[in-house]
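Worksheet for the structure shown next.
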Amino acid sequence: MTEVRRRKGEEEALEDSSAVAGSGSEAAKRNSAADSSDHVDSEEEKIPEEKFVEELAKNLPQGTDKTPELLDSALKDLPDRWKNWVIRGIFTWIMICGFALIIYGGPLALMITTLLVQVKCFQEIISIGYQVYRIHGLPWFRSLSWYFLLTSNYFFYGENLVDYFGVVINRVEYLKFLVTYHRFLSFALYIIGFVWFVLSLVKKYYIKQFSLFAWTHVSLLIVVTQSYLIIQNIFEGLIWFIVPVSMIVCNDVMAYVFGFFFGRTPLIKLSPKKTWEGFIGGGFATVVFGILFSYVLCNYQYFICPIQYSEELGRMTMSCVPSYLFTPQEYSLKLVSCLFTSYFKIIWIINVFYLLLFICFQFGIGKTLSLYPYIWHSISLSLFSSIIGPFGGFFASGFKRAFKIKDFGDMIPGHGGIMDRFDCQFLMATFVNVYISSFIRTPSPAKLLTQIYNLKPDQQYQIYQSLKDNLGDMLT
């Protein structure tokens, strides 16, 4: 009986050892198969494993870790915290000065800059996609991503040209076709890319290819659509572009300053360095900055006039009679007090404002205040940029934390990539465009004329007669 038990135990031990050896050989086979696939990974390897995600940052350049050698040697004695402060400060001022120069260059320079920023942001997001899905040998995918970028830009920028320069383009015979069938041509270009993608599908890699296809389209939605809205904002008047962009910059800088010196209370887990002190301090500074900066810009036609094509001059012009928004209006201090209360009733600073009003009344400084109506709109913009705008940054932070990377790129030392600086700007651009469409914009004569030119002659004549009769009645 003892002998039987001993033999049975030996057989079980042999089976266990053979099972272990078998599993080890299977693992070795899998490893060797994975090593042999040096160009693409098969679909058995599902989307990024945790171990791979941790190694992702090593393959992507990180801007906050990159410092010019000259600057690095000059600041080597400073603690890391203050060293980062100085580097961020230097390159912040460089970017602000560069932005001022671009504004001086005029609307065309701003539009070209917007296009370049858009392309760089797209490149940074797409690069992360390539690293995440580890596809290096699949045919045409990199080319397809850039093809879809060109196609979407043709559609959106073409829409802007049709809206604002349609009257001029319609007069050029060979361009009239492009205006009339612009959307059909854009759709045809997209269909070419769609068919190209389907033909490029490779067996065993379908999931990864469709994942990158979706990644590309989400990138286009985030980047290209927002840049299209930015261009529209520029055409409404440079003030609708410069003020919102400057508000986001002010909020970002002042939130960093307040958080650096006074930050104690964490704000959100997605971005551990953000604090309530920085959020509140940056928000208050943004509102004050927005009011003062808007008041200054309202004094110059260069900033307040819409960009329109002048048929007489044969070029774009930025001269106009200032609209109601940019004409000073008298407001009683009592009314101003009520309006500010509605904006700031939850902020303690209202007590200081009441004290200033009391001093004005007591010393007879005046019971009315001359303000541009645009100031009230700038307060709405500044509140959005300081309360909702940072969530664009939180969204980007969550995206980066998902892949354990610090920055989108390394183009700007101390800051990261271009996308790291424009994550909030894109959200702000959408809000400004919606705000203008809802509360500011009136029908565009140029756009109406473009639509009339696309009508048949008898329809144009009917409109002409209607306008003639209506204007005749008005004159009578």
Checklist entry - F391 vs F394 aromatic rings, parallel, tilted or perpendicular, using cut-offs 30° and 60°? => result perpendicular
Item to check | E236-N433 side chain donor-acceptor pair, cut-off 3.5 Å | outcome: no
Next on the checklist: Strictly distance-based, threshold 3.5 Å: is any side-chain N or O of S438 a donor or acceptor partner for the main-chain N or O of Y435?
Outcome noted: no
Checklist entry - Which residues pass the side chain to side chain donor-acceptor pair (under 3.5 Å) test with T92, sequence neighbours left out? => result H415
Item to check | Minimum side-chain heavy-atom gap E159-R183 below 4.5 Å | outcome: yes
Item to check | Aromatic ring proximity Y374/W240, centre distance under 6.0 Å | outcome: yes
Next on the checklist: Please report the interatomic distance CG(L101) to CD1(I96), rounded to the nearest 0.5 Å.
Outcome noted: 12.5 Å
Checklist entry - Where the side chain of E277 meets the backbone of G259, is there a donor-acceptor pair that is under 3.5 Å apart? => result no
Item to check | Gap separating the CD1 atom of I90 from the CE atom of M95, nearest 0.5 angstrom | outcome: 12.0 Å
Next on the checklist: Walk me through whether V245 and M428 qualify under side-chain contact (heavy atoms from CB on, under 4.5 Å).
Outcome noted: CA-CA 8 Å; V245 168; M428 187 68 185; over 6 Å; no
Next on the checklist: Is it the case that the side chains of S127 and Q123 hold a donor-acceptor pair, with the cut-off being a distance below 3.5 Å and no angle test?
Outcome noted: yes
Checklist entry - Do other residues, nucleotides or ligands put more than 12 heavy atoms under 6.0 Å from the CH2 atom of W85? => result yes
Next on the checklist: Does any part of the side chain of T286, heavy atoms only, come nearer than 4.5 Å to the side chain of F289, both counted from C-beta?
Outcome noted: no
Item to check | F122 side chain reached by W146 side chain, heavy atoms, under 4.5 Å | outcome: yes
Next on the checklist: Run the side-chain contact (heavy atoms from CB on, under 4.5 Å) test on I304 and L297 for me, step by step, so that the C-alpha distance in whole Å, both residues' side-chain angles and the decisive distance to 0.1 Å come before the verdict.
Outcome noted: CA-CA 7 Å; I304 65 176; L297 294 189; 5.8 Å; no
Next on the checklist: Is there a side-chain contact between L270 and F395 in this structure, where contact means two heavy atoms from C-beta onward sitting under 4.5 Å apart?
Outcome noted: no
Checklist entry - What do you reckon, are the aromatic ring centroids of H377 and F439 less than 6.0 Å apart? => result no
Checklist entry - Taking the six-membered ring for Trp, are F210 and F213 parallel (under 30°), tilted (30 to 60°) or perpendicular (over 60°)? => result perpendicular
Item to check | Near-ring test F197/F194, centroid separation under 6.0 angstrom | outcome: no
Checklist entry - Do the side chains of L383 and I388 get nearer than 4.5 Å, heavy atoms only? => result no
Next on the checklist: side-chain contact (heavy atoms from CB on, under 4.5 Å) for F431 and L427? Distances and angles first, verdict last.
Outcome noted: CA-CA 7 Å; F431 173 72; L427 184 63; over 6 Å; no
Checklist entry - Is M247 close to S378 at the side-chain level, that is, under 4.5 Å between some pair of heavy atoms? => result yes
Next on the checklist: List the residues meeting salt bridge (charged side-chain N to carboxylate O under 4.0 Å, His left out) with K120, not counting sequence neighbours, and say none if there are none.
Outcome noted: none
Checklist entry - S152 side chain to L149 main-chain N or O, any donor-acceptor pair under 3.5 Å? => result yes
Next on the checklist: Students often mix this up, so state it plainly: with edges at 30° and 60°, are the rings of F241 and F99 parallel, tilted or perpendicular?
Outcome noted: tilted
Checklist outcome for this item: Smallest heavy-atom separation, L189 atom then Y147 atom, equals O-OH, 2.6 Å
Checklist entry - Does a side-chain heavy-atom distance below 4.5 Å link Q232 with L229? => result yes
Checklist entry - If we only count heavy atoms from C-beta on, is the S219 to I126 side-chain gap below 4.5 Å? => result yes
Checklist entry - Between CD1 of I230 and CG of N160, what distance do you get to the nearest 0.5 Å? => result 11.5 Å
Checklist entry - For F91, which residues count as a ring-ring contact (aromatic ring centres under 6.0 Å, His included) partner, sequence neighbours excluded? => result none
Item to check | Mutual orientation of the aromatic rings belonging to F303 and Y300 [parallel < 30°, tilted 30-60°, perpendicular > 60°] | outcome: perpendicular
Next on the checklist: Using every non-hydrogen atom in the two residues, find where Q209 and S200 come nearest and quote the distance to one decimal.
Outcome noted: NE2-O, 3.1 Å
Next on the checklist: Please confirm whether the ring centroid of Y190 lies under 6.0 Å from the ring centroid of W196.
Outcome noted: no
